[in-house]
Amino acid sequence: MCGRKTLTKDKLEIIANYLVEQWEEDFVWKPSFNIAPTHITPILLHDQVRKIKPMRWGLIPHWADDMKIGNKMINARSETLTEKRTFSNLLKQRRCVVISDGYYEWKIEKKIKRPYYIHYADNSFLSMAGLWSTWINQAGEKINSYTVITTLPQEEISHIHNRMPAILSGKDIEKWLNCETSLDIALELLKPIEQKLKYYPVSIFVNSPMNNSIKCIQLMNDKELSLL
DNA sequence: CCAGACGTTGTT
DNA sequence: GTCTGG
DNA sequence: CCAGACGTTGTT
DNA sequence: GTCTGG
């Protein structure tokens, strides 16, 4: 699955990489090494133009009467998207790309949880397929939120975890975002990617969502390595 | 018809 | 054990 | 995802 | 809001 990730790129890099035409006014993005559920991150949409909107991680369905439900909606299984009421209605018009440049998985090793950082070898952008929704709170404010779609992991990283985010690259990004794309074709994009990902164990520093520095993605130290 | 759920993951 | 908050 | 709380009453 | 279960 995917319950923690990074986006260490800044606004200008995001705009350049995704050919963003519109960045939501007043949204200030600060790069993060430790994005946890509930955090607000830039999300890419294609609504007339390519635009970035700030959204909260953990999808809050429009019918929810409490935003807490978002805690349980951080991921959506690609295999069952069309069967689940909460997600199926979003598939047609509410597809988005969750912008990141790596994510964390925890592997149980000898009863301890070891975080691994998974990323492209060149640390380039990693585009996750997502769905989003708008929820209106009691004060009448609109809150946009998203979920990351998961799929089977690539062989190379399946020993770490049995799920991975659905990753898009190249022309698939536009296909996923474009509402003209038929549902069948869009769903076809949610398969494990061909491109290989790199991974390495990191310090448990990343475990606490309060910690956010380059230490999160540094290789675990010698003392921790010796415990492996 | 109304009531009640609506989700994923990991672990046991 | 389970839920909430980050 | 992990970490940390999980409760009420009365008093300050 | 919409679907499932009763």
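Below, read A as the first sequence line, B as the second, and so on, with proteins coming before strands; counting in each chain starts at 1. The shown structure was predicted, so the numbers you read here are calculated from the model rather than taken from an experiment.
The residues A/Glu79 and A/Arg163 are annotated as salt-bridged, a charged nitrogen and a carboxylate oxygen being separated by less than 4.0 angstrom. One finds a salt bridge joining A/Arg50 and A/Glu174 here, because a Lys/Arg side-chain nitrogen approaches an Asp/Glu carboxylate oxygen to under 4.0 Å.
The separation of B/dT9 from D/dC2, taken at their P atoms, amounts to 13 Å, rounded to a whole angstrom. Going from the P atom of B/dT8 to that of E/dT4 covers 15 Å, rounded to whole Å. Rounded to whole Å, the P atom of E/dG5 lies 12 Å from the corresponding atom of B/dG7.
Nucleic acid contact class of A/Asn34 (heavy atoms, under 4.0 Å, all strands): none. A/Lys5 comes within contact range of no nucleotide atom at all, as no heavy-atom separation falls under 4.0 Å.
For B/dT8, one of the phosphate oxygens OP1 or OP2 lies less than 4.0 angstrom from a side-chain nitrogen or oxygen of A/Thr80. Contact annotation: A/Thr147 side-chain N/O to B/dT8 OP1/OP2 distance is not under 4.0 Å.
We find that CD of A/Glu83 is positioned 13 Å from C1' of B/dG7, with the value rounded to whole Å. Atom-to-atom, NZ of A/Lys84 to P of B/dT9 comes out at 10 Å; the value is rounded to the nearest Å.
With B/dC6, C/dG6, B/dT9 as the candidates, the nucleotide lying closest to the side chain of A/Thr86 is B/dC6. Comparing B/dT9, B/dG7, D/dC1 by their closest approach to the side chain of A/Phe87 singles out B/dG7. Among the nucleotides E/dT2, C/dG6, B/dT9, the one closest to the side chain of A/Asn89 is E/dT2. Minimum atom distance to the side chain of A/Arg85 is reached by E/dC3, of the listed E/dC3, B/dT9, D/dC2.
A/Glu24 places no side-chain N or O within 3.5 Å of a backbone atom of A/Ile52 that could act as its donor or acceptor partner. In this structure, A/Thr147 contributes its side chain and A/Ile74 its backbone to a donor-acceptor pair below 3.5 Å. For A/Gln154 (side chain) and A/Gln195 (main-chain N/O), a donor-acceptor pair under 3.5 Å exists by modelled atom type. Looking only at distances, a side-chain donor or acceptor of A/Trp135 sits under 3.5 Å from a matching main-chain atom of A/Ala64. Between the side chain of A/Asn211 and the backbone N or O of A/Val206, no donor-acceptor pair lies under 3.5 Å. Counting only distance, with no hydrogens or angles, the side chain of A/Trp29 and the backbone of A/Lys9 share a donor-acceptor pair below 3.5 Å.
Within 6.0 Å of the CD1 atom in A/Ile204, the count of heavy atoms belonging to other residues, nucleotides or ligands does not exceed 12.
Below 30°, between 30° and 60°, or above 60°: for A/Tyr116 and A/His159 the angle between ring planes is above 60°, a perpendicular geometry.
Helical stems in DNA chain C, defined as runs of 3 or more consecutive Watson-Crick or G-U wobble pairs with both donor-acceptor distances under 3.5 Å, are listed by first residue as C:1-6 with D:1-6.
Remark: A/His62, A/Trp63 in residues 58-65 of chain A come within less than 4.0 Å of DNA chain E through at least one heavy atom. Annotation: proximity of residues 71-79 of chain A to DNA chain E (heavy atom, distance under 4.0 Å) is found for no residue.
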